[in-house]
Protein chains: 2
Amino acid sequence: MAKRVKLLDVAKAAGVSQGTASNAFGKPDLVRPEVRERIFAAAKELGYRGPHVMARMLRTGKAGALGVVFPDNLEYAFTDPVAIELLRGIGRECAQQGVNVMIISAQNQQQAIAAVNNAAVDAFLVHCYSDNNDIIAAIQRRNQPLISIDTDIAGAAGTVALDDFAAGKNAAQHLLDCGAKRFAILSLQATDHDHFGPMNANRVGAASHRVVRERLAGYHAALAGAGIAPSDVLHVECDNQSDHSAKMTAELLASHPEIDGILGMSDVIAIGAIDAARISGRKVPDDLKVIGIDGIAAGERTDPPLTTMYQDSVEKGRLAAEMALSEAPGKTITLKTTLLLRGSSKPL
Amino acid sequence: MAKRVKLLDVAKAAGVSQGTASNAFGKPDLVRPEVRERIFAAAKELGYRGPHVMARMLRTGKAGALGVVFPDNLEYAFTDPVAIELLRGIGRECAQQGVNVMIISAQNQQQAIAAVNNAAVDAFLVHCYSDNNDIIAAIQRRNQPLISIDTDIAGAAGTVALDDFAAGKNAAQHLLDCGAKRFAILSLQATDHDHFGPMNANRVGAASHRVVRERLAGYHAALAGAGIAPSDVLHVECDNQSDHSAKMTAELLASHPEIDGILGMSDVIAIGAIDAARISGRKVPDDLKVIGIDGIAAGERTDPPLTTMYQDSVEKGRLAAEMALSEAPGKTITLKTTLLLRGSSKPL
DNA sequence: TTGAAAGCGATACCAT
DNA sequence: ATGGTATCGCTTTCAA
């Protein structure tokens, strides 16, 4: 491999200084058209490939890229529909600002830390459920703007989140409005530790995932209004995968046939519940009402289609990217959800 | 903002040379544990954040990232289910190799070229339908390994593609085996220019998209075996979106009620066809058989579920990444499809 | 094992 | 508008 042609070579060949040659590429207005052409000609002649990206980065300190990390989710980022919508919004804003998107990929926590340290980016976007995490610590050590999505991270430059309490409350209220009386909650994991199945008061109290805590609190707030105490509600933790929630739902319906309202803490979970209900012969929404949270496209294609509290995940991602890329972030944005009424529920 | 602590500061504080300090971080084995600890202590003391990524990159010439470009599809990469599966595979292999994934994002061709030139990556992965494209030219100017997915790019270091001819042929043969006699093809765009609606022989001949050419040739090869000439087959180009193909299908079925077999060139397209068929009162698969190509998950949830020629897009992405990251790429990998029989067709 | 010094390739400042 | 030059922060010879 021949030695790389560099700016100095071009400058010499064109009979100008290195600085002028640099300007010809980076700030064309600063150099007389005539000279500029001479420089370009010399560049073409020598086969100069344009300014070296890494050298430029070192000099300017700008990477031109935004790092995106899913600490809970490293290998699943491209599987979870909500994560993909976030990415779509992030990509949109980054495209708009001429910045690339760097996905931090790793197989485990330790590799993720290395990946974070190897990433040439100007800022980080983190989507996660809890903030006590070595990956997050590694990101913070880099001392670059860090915007968190969905979870407050101590010391973050900004946060974009959902009004999860309202989402939960409105979801539960809607099922009450549909006449449901006996509820089951299919919840996301409340802590980083895998734990499936029935949830007790202890685990609820210890829930380290803000999103889970808030949505739960919202559910119970609405149910309390109808005189239903937390202890009257079944509560099961699921993996955020439809297969898994379907299995949990099947068991739940078998052991507790009286259930007539299912609160799914995500659409992915709720979709599994609808599948299980249909298979077990329950009529949705007549015998059983189901509501999710998110509003993913797949919810349109269940049988019946899924009623849900819709959030604009694309916009959430876009806003987070915008914040990360802005000079002075430092706010918290809280987004709202809206009821998206489809077939899995029916108001009285 | 205080001046950044750098390696030299740490070295001085620890009373060692810069080189030794560097080794303490990058090649710990080369430095005596005792000295190493002294260096780390000094680093912690001074608040050293670890080696500067960009400086390291410039020195070593390694970026630790793989660039991914969807030239046809820039803003759209995170919408197309097949692109997402590719990304999943790419992410998996990159994680395995400790490399990050840089998504080149832009709003248009010109910005995309800039984005390519600003990306600090070690190699590029390109998914596209045609190779005569300024973005691709820009990538090639960088003189780094370039692996193309689905399309042969002249000068690429390697290519991972599908046996598209076989996919088309087997798809059409399957519908023949199901008893279909009057066919319509819902095709992907044959050229970079948007063009919807009926396709004529001219456009078929001019098709610059290899994937489209090959699948079409496959369809016609199978149909020829049943004595059906290309001119006996309706052929419409669609945007690769279910809504759009649904609209095209509705028109097609209205004007040509005799159609009993639809060859969808992608699952996204075929899904729209199923929707339109149901809405227009056609019984699938009894009155009308539909087959797609791809095997995306959404195909399981149509009514009826979509029969398709399945390809392993995740593996396709993984293989491409593996090739891009390998020392000596330089091959062409061709993947096969398999018939995935679901409800939208029924063999006699 | 450790130290000294030479780059990696470009940009930005300060003169002119 | 252009030239000269310090500098970005590190890794990697080459010697000792």
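Letters go in sequence order (proteins before strands), and every chain restarts at 1.
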Supply the atom-to-atom distance B:C128 SG to B:D152 CG, rounded to the nearest 0.5 angstrom.
10.0 Å
Working to the nearest 0.5 angstrom, can you tell me the gap between B:I103 CD1 and B:F78 CZ?
4.0 Å
Along DNA chain D, first and last positions that approach a heavy atom of chain B under 4.0 Å:
D:dC8 to D:dT12
Pick out the pairs of N or O atoms, protein on one side and nucleotides 9-13 of chain C on the other, that lie under 3.5 Å.
from	atom 1	to	atom 2	distance (Å)
C:dA10	OP1	A:Y48	OH	2.5
C:dA10	OP1	A:H52	N	3.1
C:dA10	OP2	A:L7	N	2.5
C:dA10	N7	A:Q18	OE1	3.2
C:dT11	OP2	A:S22	OG	2.4
C:dT11	O2	A:R59	NH1	2.6
C:dA12	OP2	A:K27	NZ	3.2

Going by the rule salt bridge (charged side-chain N to carboxylate O under 4.0 Å, His left out), which residues pair with A:R318 if we only count those two or more places apart in sequence or in a different chain?
A:E93, A:E315, A:E322
Kindly write out the residues that satisfy salt bridge (charged side-chain N to carboxylate O under 4.0 Å, His left out) with B:D150, not counting sequence neighbours, or none if the list is empty.
B:K316
Do the rings of B:Y129 and B:H209 sit parallel, tilted or perpendicular, given the 30° and 60° boundaries?
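Geometry flag for B:H209 against B:Y129: parallel rings.
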Salt bridge (charged side-chain N to carboxylate O under 4.0 Å, His left out) contacts in which one or both residues fall within residues 17-35 of chain B, not counting sequence neighbours:
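Listed by first then second residue: B:R32-B:E34.
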Would you tabulate the side-chain donor-acceptor contacts of residues 55-67 of chain A under 3.5 Å, counting partners in other chains and residues two or more places apart, or write 'none'?
from	atom 1	to	atom 2	distance (Å)
A:R56	NH2	B:N118	OD1	3.3
A:T60	OG1	A:R56	O	2.9
A:T60	OG1	A:K62	N	3.2

